[in-house]
Structure formats: structure tokens, C-alpha cells
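Computed from heavy atoms alone, side chains included, the values below leave out hydrogens, waters and symmetry copies.
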Amino acid sequence: MRAGSRLTVLLMVLAALVTGAVPAASARAEAEHTYRIPHTAVMDGARLHRTKVRLEHGDPRLRRAVEVLRGRADRWLHQGPWTVVDKPRPAPSGDLHDYLSQAPYWWPTKTPAPDNPWGCPYVQRDGERNPEVDSGTDRQDVEKTFDSAYDLSLAWYYTGDARYAEKAGQVLRTWFLDPATRMNPNLNHAQFIPCKYDGRAIGIIDFSQSYTSVLDALALLASGAPGWTAKDRRGMAHWNTAFLDWLRNSDFGKQEAAAANNHGTFYDLLVAGLAYATGDRELARRTVLDARHKRIAPQIAADGSQPQELTRTRSWHYSTFTLVAHARLAAIGRNAGVDLWAHQGPEGESLFKAVGYLLPAATGAAAWPHPELQFRRYAATDVVHAAADAGDRRAQRAIRSLEEPPGGDLWVLRPAAEQLDSIAG
């Protein structure tokens with residue numbers, strides 16, 4: 001525990017002793033339990049700790065944000081848990097415990113019939129989501145699992161309400177740990193295309209951002225949540241170790257590692273996050289360091305644009321989406337001792353420039369000049385926050401002009417970039 005944390009604990013203990021509210025041993029135990037710093041992979045655990053202290057001292061802005069967070073967490077209390085074995089048919093492996101999702105932008109060309117139940121062959125329509133991908137697979141249930149675990153764990157951390165921790169534990173145990181309902185630690189059948197592929201390497205992106213939020217949720221629960229046991233912690237550590245091994249050594253994992261577009265960046269994010277969470281800090285650090293030449297210069301132009309994303313039908317969405325991966329990877333780097341924000345490529349390419357390219361549209365000062373099927377200004381809000389926190393003056397000035405996301409701007413409670421304009425259905 002850091003010196004500042006020890007001082008806070010001591011003051012709490014002394015206050016409890018002076019008032020006679022609790023015995024000495026109980027006061028110390030309660031204080032240390034309340035103020036244990038979470039070992040988060042993406043978020044800054046010490047910053048979360050300071051925010052919690054400010055909240056308990058009555059910061060009105062934080063109290064308003066916590067009420068929004070409580071509203072989100074309350075909605076999860078009576079939902080789920082979800083499980084990978086609930087889908088109507090198994091993955092092509094035949095094992096219900098294998099995760100299954102369908103490629104979102106691929107559509108049937110024929111009306112389904114008894115001799116062609118899928119309506120094959122399928123063709124790609126970039127940026128247009130086929131609604132059938134949300135039925136018959138695990139895609140929606142896994143997103144509910146990830147989102148609820150994150151919201152509930154954060155709500156417990158800031159409020160101390162045991163209901164949130166207990167529900168988060170139930171959700172996580174059901175999806176990952178209970179033998180009857182657990183998911184196998186692989187993505188062999190992610191984003192399959194009927195009658196074409198049983199699974200694809202690019203399906204790893206289903207987990208790349210959201211699961212790194214789960215890693216932080218696990219760290220929050222491990223800081224002292226009621227009902228989250230040592231057995232649970234060991235079980236999740238084992239699952240994460242096995243999943244990291246699959247990512248690094250499977251053919252699909254190797255293909256994503258070699259991807260030169262946003263899939264490569266999201267792969268690095270997932271590997272770095274899992275490495276940091278499972279204690280391999282050197283792998284996490286090396287992954288972030290390698291991203292300087294593997295991801296930034298090839299993907300970001302000298303003017304800050306992302307040429308690969310500007311060719312998409314959803315160019316604004318993908319420009320902000322890819323920067324979520326970069327910003328989260330930079331956050332893991334911060335925890336591992338690497339400043340990815342400070343890096344500049346041979347032509348001056350940098351994350352700061354990439355965020356700067358978005359600022360006119362993000363603040364409403366100018367229209368986005370590239371193709372976009374459904375422009376949502378708030379999609380850039382988190383990456384601008386991330387750049388501002390990293391010291392960028394333009395981003396700092398832009399904060400007051402950003403559009404608040406529909407679910408509220410919770411950056412002050414969970415300072416880690418998220419995809420705010422999900423098109424996952």
C-alpha cells in the first residue's frame with residue numbers, strides 16, 4: 001500500500017477509535033478493506049482509489065455520476081446470468097461450451113429452404129449489420145455478461161452495496177467457471193459464415209475491447225468484494241491463462257497478430273491486458289512497446305487520419321473505434337511503465353494527432369468529411385478524454401464541447417476509453 005493510502009487508513013482508524021464506533025482491530029480491518037487499491041489492467045487503480053476517497057468526502061460531481069452508474073447497475077440486478085450453453089445449436093465443433101458468433105456484415109442471397117436452411121451463399125455488405133447474427137449465437141449474451149460484470153463491479157466499488165458484487169460474481173461464475181455452464185477458453189468459432197467458414201481469426205475482435213473491461217471488473221472484485229472468493233479468483237486466473245495461451249499459439253491468434261489494420265491493434269490490446277492481469281508484466285510491456293512501430297505508423301498518417309478506416313462505409317465509427325484500442329493499449333502501457341502517447345512515428349504519426357484529426361467533428365465545429373452511414377458525434381468522447389488526460393492541450397480545451405453519450409459521461413468514474421456507439425445490435 002502506498003504512503004498516501006496508509007495515511008488515509010490511519011486517519012480512518014483514529015477517527016473510529018476516538019468516536020468509539022468500532023473496536024481497534026475492526027476499525028483497521030474495515031479501513032483497509034474499503035481502501036484497498038485495485039490492480040486494474042486498463043484503468044489506473046490508484047486513480048480509482050483517489051476518486052473513491054473524493055466521493056466519500058462528498059464531491060457533488062462524483063455523487064451525480066455514481067447515481068447514473070447505480071441506475072445502470074440496478075437494471076442488471078434482475079437480469080441474467082447468461083451462459084454459453086443456452087444457444088439453440090452448438091458451434092460447428094458440436095460442443096455447446098464453445099463460443100459461437102456470426103459475421104455481422106454477411107447476408108444470405110437466397111430465401112432459406114429445407115435444402116438450404118441458411119439461404120446460402122452469403123455475400124458481404126460492409127457496415128450493414130445482418131439482424132440474424134443476434135439470434136442463435138452467443139453474441140448478445142456475451143455482451144450482456146461483459147457489460148453487466150463491469151457496471152456491477154464499478155457500482156460495488158464506489159457504493160459498497162453488496163448486491164452489486166454478489167450479482168457480478170454470479171454472472172462471472174456462470175459464464176466462465178461453473179462446469180455445467182462455462183465457456184471453453186477459445187474463440188475457434190467466432191464470426192463464422194454459414195456454408196463458408198466454421199470460424200475466423202477476425203472473430204477475436206468480439207472479445208478484444210469488452211473482455212479487457214472484464215479484467216478490470218475482476219480486479220475491482222478482488223479488492224475485497226463480498227462473495228468473490230479465493231476459489232473464484234484462482235478459477236478466473238486459470239481461465240485467463242488458458243485463454244492467453246490460445247491467443248498466442250493458435251492459428252487464429254497468429255493470424256490476428258499479423259493483421260495490419262485495427263484487428264492487429266485490438267489483438268495487442270487483448271494480449272497485453274491478459275498478460276498484465278495474469279502477472280506477465282514483461283509480455284504486457286513488450287506488446288505495448290512493439291505497437292509503436294507495428295500499429296501506430298502503419299495505421300495513422302502524418303496528418304492524424306487513419307487511411308484504412310476512411311475507406312469504410314462507417315468511417316467515423318471505425319476511426320473512433322480503432323482509437324479506443326490504441327487508447328486502451330496506451331493505458332495498459334502506463335500501468336506497465338510505457339508512455340505510448342508520447343511516441344511519434346518517422347513522419348510524426350502519433351495518437352495525439354489521430355485524436356486531433358477527430359476534434360472538429362467531435363466538438364461540432366465542422367462536419368465529418370468522409371463516408372458515414374450513421375454519424376454519432378459522441379462516439380469520440382472517450383478518446384478525447386483519454387488524450388486530454390495524457391496531456392494534450394487541444395483535447396483538454398475540447399472537453400467542454402463534447403457530446404454526452406446516451407448512457408451519460410462516466411469518464412470521471414471509469415477513466416478508460418470505451419466504444420460508445422456500438423453497432424453490435
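- Between D280 and R286, no side-chain nitrogen of the basic residue sits less than 4.0 Å from a carboxylate oxygen of the acidic one, so the salt-bridge criterion is not met.
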Side chain to side chain contact (heavy atoms under 4.5 Å, CB included) evaluation trace for D138 with W175: CA-CA 11 Å; D138 298 307; W175 191 274; 4.2 Å; yes
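- Checking N130 against Y122 by side-chain atom types alone, no donor-acceptor pair falls below 3.5 Å.
- Under the 6.0 Å cut-off for aromatic ring centres, F176 and W239 qualify, their centroids lying closer than that.
- Taking the six-membered ring for Trp, W118 and F192 have ring centres closer than 6.0 Å.
- Within the 3.5 Å criterion, the main-chain N or O of R234 finds no donor-acceptor partner in the side chain of H238.
- In this structure, CD1 on I204 lies 6.0 Å from CG on L187, to the nearest 0.5 angstrom.
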Under 3.5 Å, which donor-acceptor pairs do the side chains of residues 65-73 form with other protein atoms, sequence neighbours left out?
| unit_1 | atom_1 | unit_2 | atom_2 | d |
| --- | --- | --- | --- | --- |
| R70 | NH1 | Y164 | OH | 3.1 |
| R72 | NH2 | D151 | OD1 | 3.3 |

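- I37 contributes atom CD1, which lies 5.0 Å from atom NE2 of H49 (distance to the nearest 0.5 angstrom).
- Checking each of K144, K87, R129 against D134 for a salt bridge (charged side-chain N to carboxylate O under 4.0 Å, His left out) leaves exactly one that passes, namely R129.
- R334 has no carboxylate O lying under 4.0 Å from a charged side-chain N of D389, or vice versa, which leaves the two without a salt bridge.
- Looking at D232 and T229, their side chains do bring a donor and an acceptor atom within 3.5 Å of each other.
- By the 4.5 Å heavy-atom criterion applied to side chains, Q191 and P104 are counted as neighbours.
- Between the side chains of S305 and D303, a donor-acceptor pair is found at a separation under 3.5 Å.
- Between Y378 and W411, the ring center distance fails the sub-6.0 Å criterion.
- Between F243 and W246, the angle of the ring planes stays under 30°, which puts this pair in the parallel group of the 30/60° scheme.
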